[in-house]
Amino acid sequence: MAASVATSPACTRLIPSSHLSASAYTAAPSLVRLAGSTRRLRRALRVSAAAEPADALPGPGAGELDGVVPAGLLEELPEGLAFQGDMGGGFAPGGGGGDDGNKMLDRGINAAIVLSASTYALTKLLTVDQDYWHGWTIFEILRYMPEHNWSAYEEALKANPVLAKMMISGVVYSLGDWIAQCYEGKPIFEFDRTRMFRSGLVGFTLHGSLSHYYYHFCESLFPFKDWWAVPVKVAFDQTAWSALWNSIYFVALGFLRWESPSTIFRELKATFFPMLTAGWKLWPFAHLITYGVVPIEQRLLWVDCVELIWVTILSTYSNEKSEARILDDSSTTDTQDNSR
């Protein structure tokens, strides 16, 4: 049992802490911090050290408390507090709070992006006829909305076909990468924004414009209207064009991730044929409609609708290789550090 120190004119003795009153017992730790009681505390410590040297521990500062503090006083300090000058004690918040805050902030930003984009798209679709709404009922607004949105899209194609197709591809490739991340197991609002924007940027800058010129080139290369021209165009699409576009997409994403050319080439070599053959499970059937039914100016819109599935596959292949390489590099570095 810890002992408290008391002095009298006649003698010096130790009083068990159980004989002290509650107020005196709880006030003992405060003697360390009260400047007015410093002299009385020093006198008590010297007497205690002389009486029982074994019951003394080194204090936080020899100059302030003469190098000794009774063990009972140390044990009675409230948890989380420390003597003045003791840099190892005190209250320190947990390290996990910052990570949780960052995760909540990212989730909030992602939710704002998704909700803002969805609200904007729905508003544009629903208000296409707002200049003519006077006297219309809700039924009439909903009835003419699909037809008039289609008319607005055709007008945009006539005004600036390349820009319209670039915007469609940018949206589709962003959505496709988001779907890929959700398919990989990420919660709906915890996606990687940078990865999604990279994919959307590639779709906007490259896929829309290149596809516009490719479909015109394919029609000039195979200008035949017979039934056999359709499978020929599908075969050309699924060999020459698919190989070229898959490579462009993979290389562009690699450069946007600041990877070295040798790394990009190595990963492209490993995924080239798996990506190409994966497309053969989907695109031949879709392109029977593309080249057999859909007019040339509307083909990219139809293809982009199917692209929502294909971009999910493409993005998964590309990012799986990159993440696996990063994981292998970190494992190799840890192994080398441990061997040293």
Quick one: does [X]'s side chain get under 4.5 Å of [Y]'s, heavy atoms only?
X	Y	value
Ser209	Phe204	no
Asp129	Ile141	no
His212	Met166	no
Trp178	Ile188	yes
Met145	Asn149	yes
Leu244	Tyr214	no
His287	Val303	yes

Starting from the C-alpha separation in whole Å, work towards a yes-or-no answer on salt bridge (Lys or Arg N to Asp or Glu O under 4.0 Å) for Glu190 and Lys103. CA-CA 8 Å; Glu190 293 185 10; Lys103 183 176 291 187; 5.3 Å; no
Examine [X] together with [Y] and report whether their ring centres are nearer than 6.0 Å.
X	Y	answer
Tyr144	Trp136	yes
Trp241	Phe236	no
Tyr173	Tyr249	yes

Taking atom [atom1] of [X] and atom [atom2] of [Y], what is their separation to the nearest 0.5 Å?
X	Y	atom1	atom2	answer
Gln298	Ile296	CD	CD1	11.0 Å
Glu267	Phe272	CD	CZ	15.5 Å
Ile179	Ile309	CD1	CD1	9.0 Å
Phe189	Met104	CZ	CE	12.0 Å
Leu301	Glu307	CG	CD	11.5 Å

Please answer: with hydrophobic residues joined when any side-chain heavy atoms are less than 4.5 Å apart, are [X] and [Y] in the same cluster?
X	Y	value
Trp245	Val162	no
Leu256	Ile248	yes
Phe222	Trp227	yes
Leu125	Phe139	no

Residue from Arg195, Lys186, Arg193 passing salt bridge (charged side-chain N to carboxylate O under 4.0 Å, His left out) with Asp177: Arg195
Look at the side chain of [X] and the backbone N and O of [Y], then say whether any donor-acceptor pair between them is shorter than 3.5 Å.
X	Y	answer
Asp304	Val172	no
Asp192	Thr194	yes
Arg299	Thr290	yes
Thr137	Glu140	yes
Ser116	Ile113	no

Give the minimum heavy-atom separation between [X] and [Y], together with the two atoms involved.
X	Y	result
Ala164	Leu157	CB-CD2, 4.0 Å
Leu268	Ser247	CD1-CA, 4.1 Å
Ala286	Val306	CB-CG1, 4.1 Å
Lys233	Cys218	CG-SG, 4.1 Å
Val234	Pro284	CG1-CA, 3.9 Å
Gln181	Met196	NE2-N, 4.0 Å

Please determine, by modelled atom types, if [X] and [Y] share a side-chain donor-acceptor pair under 3.5 angstrom.
X	Y	value
Trp150	Glu154	yes
Glu297	His216	yes
Thr263	Ser260	yes

Acceptor/donor pairs from residues 273-283 side chains to any protein atom, 3.5 angstrom cut, sequence neighbours excluded:
unit_1, atom_1, unit_2, atom_2, d
Thr277, OG1, Phe273, O, 2.8
Thr277, OG1, Pro274, O, 3.2
Trp280, NE1, Gln238, O, 3.0

Please list, chain by chain and in numerical order, all residues satisfying side chain to side chain contact (heavy atoms under 4.5 Å, CB included) with Val293, sequence neighbours excluded. Ile289
Applying salt bridge (charged side-chain N to carboxylate O under 4.0 Å, His left out) to Glu147 and not counting sequence neighbours gives none
